[in-house]
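Report on the structure given below.
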Amino acid sequence: MNHTYFRYFIKIIGILTALFIGYFLISLTFTYVYPFIIAIIFAFFLHPIVTWFEKIFKMPRGLSAFTTLFLLFGIICSVFIILTLEIVEGSFYLAHLLPEKLMILTDFFTSYFETHLIPIYEKLLHYFNMLSDTHKENILSYAITIFSNISSHIGQVIQSFLLQIPTIIGLIPSSITMVVFITLGCFFILADWYRLKKYAFSIIPNSFILEIRNILHHLKKAFGGFIKAQFMLIFITGLMIFTGLWILQVEHAFTIALLATCIDLLPYIGTGIIFIPWILYLFITGNYTLTIGLAVLYTILIIVRQIIEPKILSSNIGIDPLIMLIILFISLQIWSVLGLLVAPLIVICLYALYHAGVFHQLIHFIKTND
């Protein structure tokens with residue numbers, strides 16, 4: 001019995017060691033190979049389109065790959081131009097509108113300060129003058145310390161932000177270079193797809209080929225389902241926001257809805273970053289009709305999103321929200337903010353491995369005596 005448990009222990013240690021070595025090698029080489037990994041992923045999903053062009057229009061493989069990438073870039077550039085025009089138009093509108101709104105907001109805070117804060121200040125000053133000199137010195141010392149700490153913290157935040165600007169600007173050339181390498185890598189992979197596929201299968205043992213194909217099938221299915229689910233959620237969110245703003249007769253409703261759907265892509269931030277400050281501002285400035293309308297719209301948005309999101313995700317992928325939450329938390333602890341983007345990829349990979357039977361095979365390997 002003890003010998004059996006020892007064998008289980010050795011096998012588990014071997015699997016964990018292999019996973020650790022794999023993670024170490026990926027971490028060590030990822031900086032140098034990630035553009036080509038991205039190119040392989042793009043090529044994997046663009047291959048059916050390239051094949052379709054190749055068969056329908058009798059194109060050479062290279063020309064079909066070039067046409068597919070050209071059309072993809074054309075679609076991306078067209079969407080980018082439309083978004084830019086909408087944002088520019090909305091920015092001009094806001095630039096014309098904001099000074100007047102800021103003046104109203106300034107008048108509100110000025111009036112509030114004069115009617116509420118100044119009387120409180122005068123009362124505190126009256127009580128302060130009644131204290132002894134020792135108590136006055138202690139209070140002033142504490143106040144100076146608190147304000148110094150606040151000022152120091154604000155200064156550090158501003159300094160850190162300003163120091164990040166050159167780094168962000170410096171990323172632009174490297175980002176352009178990365179896009180070029182990804183595009184070229186994707187083109188060469190698509191153009192030589194069958195030769196590279198034949199070469200890859202020639203160096204992979206035959207016993208693993210069927211397993212790899214099974215994993216890739218489920219990976220493609222899970223990733224495609226995830227993208228489809230996200231686009232469905234974004235479309236429903238954008239349509240609801242645009243419809244609600246149009247009913248409330250808000251100007252530039254399409255631009256605002258477009259911006260909100262883009263922000264909705266950010267995990268755990270969502271449209272609240274737009275609606276909550278907007279609702280508070282309208283309430284402060286006395287526009288109660290629009291305040292109630294936006295509050296109702298935002299509430300409906302949250303309720304509908306909470307109802308349909310698990311259903312859409314489960315129907316397209318089958319991911320349990322609890323598992324997603326656990327992996328998201330672990331990813332945040334390991335990779336910080338980057339974990340918000342890494343977590344969905346980990347879930348998709350685990351889903352593909354599970355449905356491909358990899359975990360079952362590992363358990364069977366641990367339990368067998370050979």
Side-chain angles (χ1 to χ4, degrees), residues 83 86-113 115-117 150 153-154 157-158 160-161 164 229-313 321 324-325 328-329 331-332 336-341 343-344:
L83 289 175
E86 286 294 331
I87 292 172
V88 168
E89 184 179 353
S91 300
F92 279 119
Y93 170 75
L94 291 175
H96 176 74
L97 187 68
L98 279 179
E100 178 186 352
K101 299 298 182 182
L102 288 175
M103 185 63 67
I104 296 173
L105 193 62
T106 303
D107 292 340
F108 170 80
F109 281 117
T110 302
S111 175
Y112 186 85
F113 182 80
T115 56
H116 294 85
L117 297 182
I150 293 173
H153 181 69
I154 293 174
V157 171
I158 294 174
S160 176
F161 174 75
Q164 292 296 324
Q230 292 301 316
F231 272 107
M232 288 176 65
L233 290 170
I234 291 169
F235 175 77
I236 293 171
T237 301
L239 183 62
M240 288 179 61
I241 293 173
F242 173 73
T243 305
L245 295 179
W246 179 74
I247 293 173
L248 294 172
Q249 298 181 350
V250 175
E251 294 189 58
H252 292 278
F254 181 74
T255 303
I256 297 172
L258 203 60
L259 180 62
T261 52
C262 291
I263 294 177
D264 195 44
L265 290 170
L266 301 176
Y268 288 87
I269 295 177
T271 56
I273 199 173
I274 292 179
F275 278 96
I276 293 174
W278 192 4
I279 291 169
L280 291 175
Y281 169 79
L282 292 171
F283 178 76
I284 290 172
T285 54
N287 192 344
Y288 300 119
T289 303
L290 192 54
T291 301
I292 296 172
L294 287 180
V296 171
L297 173 61
Y298 183 55
T299 303
I300 294 174
L301 195 65
I302 293 174
I303 294 173
V304 172
R305 184 68 184 251
Q306 293 300 316
I307 293 173
I308 66 173
E309 185 169 7
K311 182 175 178 58
I312 290 177
L313 285 175
M324 183 69 188
L325 186 63
L328 178 63
F329 177 77
S331 302
L332 280 171
S336 186
V337 179
L338 185 62
L340 295 173
L341 302 176

Review point. Aromatic rings Phe283 and Tyr288: how do their planes relate, parallel, tilted or perpendicular, breaks at 30° and 60°?
Key: perpendicular

**Study point:** Ala253 to Phe242 - nearest heavy-atom pair and separation
**Key:** C-CD1, 3.9 Å

Revision key, fill the gap. When Leu294, Ile300, Thr299 are each screened for side-chain contact (heavy atoms from CB on, under 4.5 Å) with Val296, the one that passes is Ile300

**Study point:** side chain to side chain contact (heavy atoms under 4.5 Å, CB included) partners for Ile247, two or more places apart
**Key:** Thr243

Exercise for review: Check side chain to side chain contact (heavy atoms under 4.5 Å, CB included) between Ile256 and all other residues, then give those that pass, not counting sequence neighbours.
Suggested key: Leu245, Val250, Trp278

Review point. Do Leu239 and Phe235 come within less than 4.5 Å of each other through their side chains, counting heavy atoms only?
Key: yes

Check your understanding: Which pair of non-hydrogen atoms, one from Ala257 and one from Gly238, has the smallest distance, and what is that distance?
Key -> CB-O, 3.9 Å

Check your understanding: Atom CD of Gln249 and atom CG of Leu290: how far apart are they, to the nearest 0.5 Å?
Key -> 10.5 Å

Check your understanding: Of the non-hydrogen atoms in Ala260 and Ile241, which two are nearest, and what is the gap between them?
Key -> CB-CD1, 3.5 Å

